[in-house]
There are 2 protein chains.
Amino acid sequence: MKITRETDYAIRCILHMAQETEKLHMITDIAKKQDMPKSFVAKILQKLAKAKIVSSTRGVNGGFALRKTPSEITLLHVIEAVQGPIFINSCMVDNKRCSRRSLCSVHPVWIEIRNILIDKLKKYDFQFFCKKTG
Amino acid sequence: MKITRETDYAIRCILHMAQETEKLHMITDIAKKQDMPKSFVAKILQKLAKAKIVSSTRGVNGGFALRKTPSEITLLHVIEAVQGPIFINSCMVDNKRCSRRSLCSVHPVWIEIRNILIDKLKKYDFQFFCKKTG
DNA sequence: TTAAACAGGATAAAATTACTCCTAAATGAA
DNA sequence: TTCATTTAGGAGTAATTTTATCCTGTTTAA
């Protein structure tokens with residue numbers, strides 16, 4: 001697993017919205033204030049919406065807001081929403097990648113590491129991050 | 001951190017050479033038997049040689065061999081030899097990536113996860129993998 | 001009806017990954 | 001010495017993934 005810029009942006013989006021949970025936040029606003037490209041942020045917020053992490057409202061005065069409290073949103077949620085399932089070796093996801101799976105003595109290590117990562121990422125929620133920020 | 005195909009190949013190289021530690025293994029042989037592109041394997045073995053994981057001998061009857069016993073070579077060694085230092089977010093390596101570092105409440109988590117990964121990868125050596133393979 | 005805001009598909013640019021190729025250097029043997 | 005064999009290393013190419021951008025459509029409040 002590698003944290004891409006897209007995921008970094010997603011985290012910033014959540015962090016931004018967590019500061020005012022009641023308000024509807026517009027793409028333009030979030031992008032400008034967090035220094036991210038607007039059209040890319042639009043795509044990312046779509047993904048977060050599909051993952052039910054944020055709600056979206058169309059039309060005049062529309063925007064985005066967290067659908068859960070910051071304490072209910074974990075790093076794992078956000079990463080999986082934008083990147084898909086966690087893994088460190090694509091052989092775990094893509095069967096074509098490694099035909100040797102059944103013979104491969106290293107494979108169980110990738111699985112173990114994935115599980116450790118998932119566990120860890122689950123433990124950090126956005127209330128925790130906001131405390132430290134503000 | 002993501003395990004690239006290059007690293008997968010590097011691991012196969014070590015695994016292959018660990019089967020006959022006394023012998024000098026030629027690029028062509030390793031590549032053919034482990035089903036990897038020869039010229040790419042050549043580059044990977046160069047990296048492993050620079051990292052002092054394998055020794056190389058030029059000329060007729062030349063080839064590669066492990067420079068240490070399988071038990072002394074860890075997953076971490078091999079991964080770092082081909083991919084460089086372990087990280088999951090490039091903000092930890094590339095200063096340009098995130099100007100917000102000092103403000104960023106998530107950054108310590110990336111550090112923590114990196115340390116966990118390093119610890120884990122250190123614990124698996126190639127004697128362990130060979131036992132299971134054959 | 002209109003302007004403001006998100007939805008979604010297509011596509012383009014940039015970066016990284018996954019290679020290949022070519023020439024040079026080393027080495028052992030004829 | 002010379003030649004075939006083997007790695008060294010630089011440069012370049014192809015494929016894939018990441019990082020966007022743009023355009024058209026839909027929703028909504030005024």
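Letters go in sequence order (proteins before strands), and every chain restarts at 1.
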Worksheet entry | Spacing of B/R12 atom CZ relative to C/dA18 atom P, expressed in whole Å | 12 Å
Worksheet item: Are A/V106 and A/I111 connected, step by step, through hydrophobic side chains (Ile, Leu, Val, Met, Phe, Trp, Tyr) whose heavy atoms are closer than 4.5 Å?
Response: yes
Worksheet item: Expressed in angstrom and rounded to an integer, what is the separation of B/L45 atom CG from D/dT6 atom P?
Response: 15 Å
Worksheet item: Within this structure, what is the CD1-to-C1' distance between B/I79 and C/dT17, rounded to whole angstrom?
Response: 17 Å
Worksheet item: For DNA chain C, which residues in residues 48-56 of chain B have a heavy atom at a distance below 4.0 Å?
Response: none
Worksheet entry | Euclidean distance, atom CD1 of residue B/I3 to atom P of C/dT17 [Å, nearest integer] | 12 Å
Practice prompt. Kindly write out the residues that satisfy salt bridge (Lys or Arg N to Asp or Glu O under 4.0 Å) with B/K120, not counting sequence neighbours, or none if the list is empty.
Written response: A/E112
Worksheet item: With distance as the sole test, does B/T74 use its side chain to make a donor-acceptor pair with the main-chain N or O of B/K122 at under 3.5 Å?
Response: no
Worksheet item: Is there a side-chain contact between A/I113 and B/L121, using heavy atoms and a 4.5 Å cut-off?
Response: yes
Worksheet item: Are any side-chain N or O atoms of A/K47 and backbone N or O atoms of A/V82, one a donor and one an acceptor, separated by less than 3.5 Å?
Response: yes
Practice prompt. Compare all side-chain heavy atoms of B/N89 with those of A/D8 and state whether any distance is below 4.5 angstrom.
Written response: yes
Under 3.5 Å, which N/O atoms of the protein pair with N/O atoms of nucleotides 27-30 of chain C?
residue: C/dT27; atom: O2; partner: B/V60; partner atom: N; Å: 3.3

Worksheet item: Do B/V78 and B/F40 sit in the same hydrophobic cluster, where Ile, Leu, Val, Met, Phe, Trp and Tyr count as joined when their side-chain heavy atoms come under 4.5 Å apart?
Response: yes
Discussion item. Without decimals, in angstroms, what is the distance between B/L24 CG and C/dA26 P?
Written reply: 18 Å
Discussion item. Does any part of the side chain of A/L45, heavy atoms only, come nearer than 4.5 Å to the side chain of A/S56, both counted from C-beta?
Written reply: no
Worksheet item: Quick one: salt bridge (Lys or Arg N to Asp or Glu O under 4.0 Å) partners of B/D119, sequence neighbours excluded?
Response: none
Item to complete: Name all pairs fulfilling the ring-ring contact (aromatic ring centres under 6.0 Å, His included) condition that reach into residues 12-34 of chain B, sequence neighbours left out, sorted by first residue then second.
Response: B/H16-B/H25
Item to complete: Look at all strands and tell whether A/I27 reaches a base, only sugar-phosphate, or nothing, counting heavy atoms closer than 4.0 Å.
Response: sugar-phosphate
Worksheet item: Between NZ of A/K2 and CD of A/Q83, what distance do you get to the nearest 0.5 Å?
Response: 8.5 Å
Practice prompt. Can you figure out which of C/dT17, D/dG9, D/dT19 approaches the side chain of A/T4 most closely?
Written response: D/dT19
Worksheet item: Whole-Å distance between D/dT17 C1' and A/F87 CZ?
Response: 11 Å
Worksheet entry | Protein-nucleotide distance (B/K2, atom NZ; D/dT17, atom P), rounded to Å | 8 Å
Worksheet item: Whole Å only: how far is the CD1 atom of B/I44 from the C1' atom of D/dA8?
Response: 15 Å
Under 3.5 Å, N/O pairs linking protein and nucleotides 20-22 of chain D:
residue: D/dA20; atom: OP2; partner: A/R5; partner atom: NE; Å: 3.4
residue: D/dA20; atom: OP2; partner: A/Y9; partner atom: OH; Å: 2.9
residue: D/dT21; atom: OP2; partner: A/S39; partner atom: OG; Å: 3.2

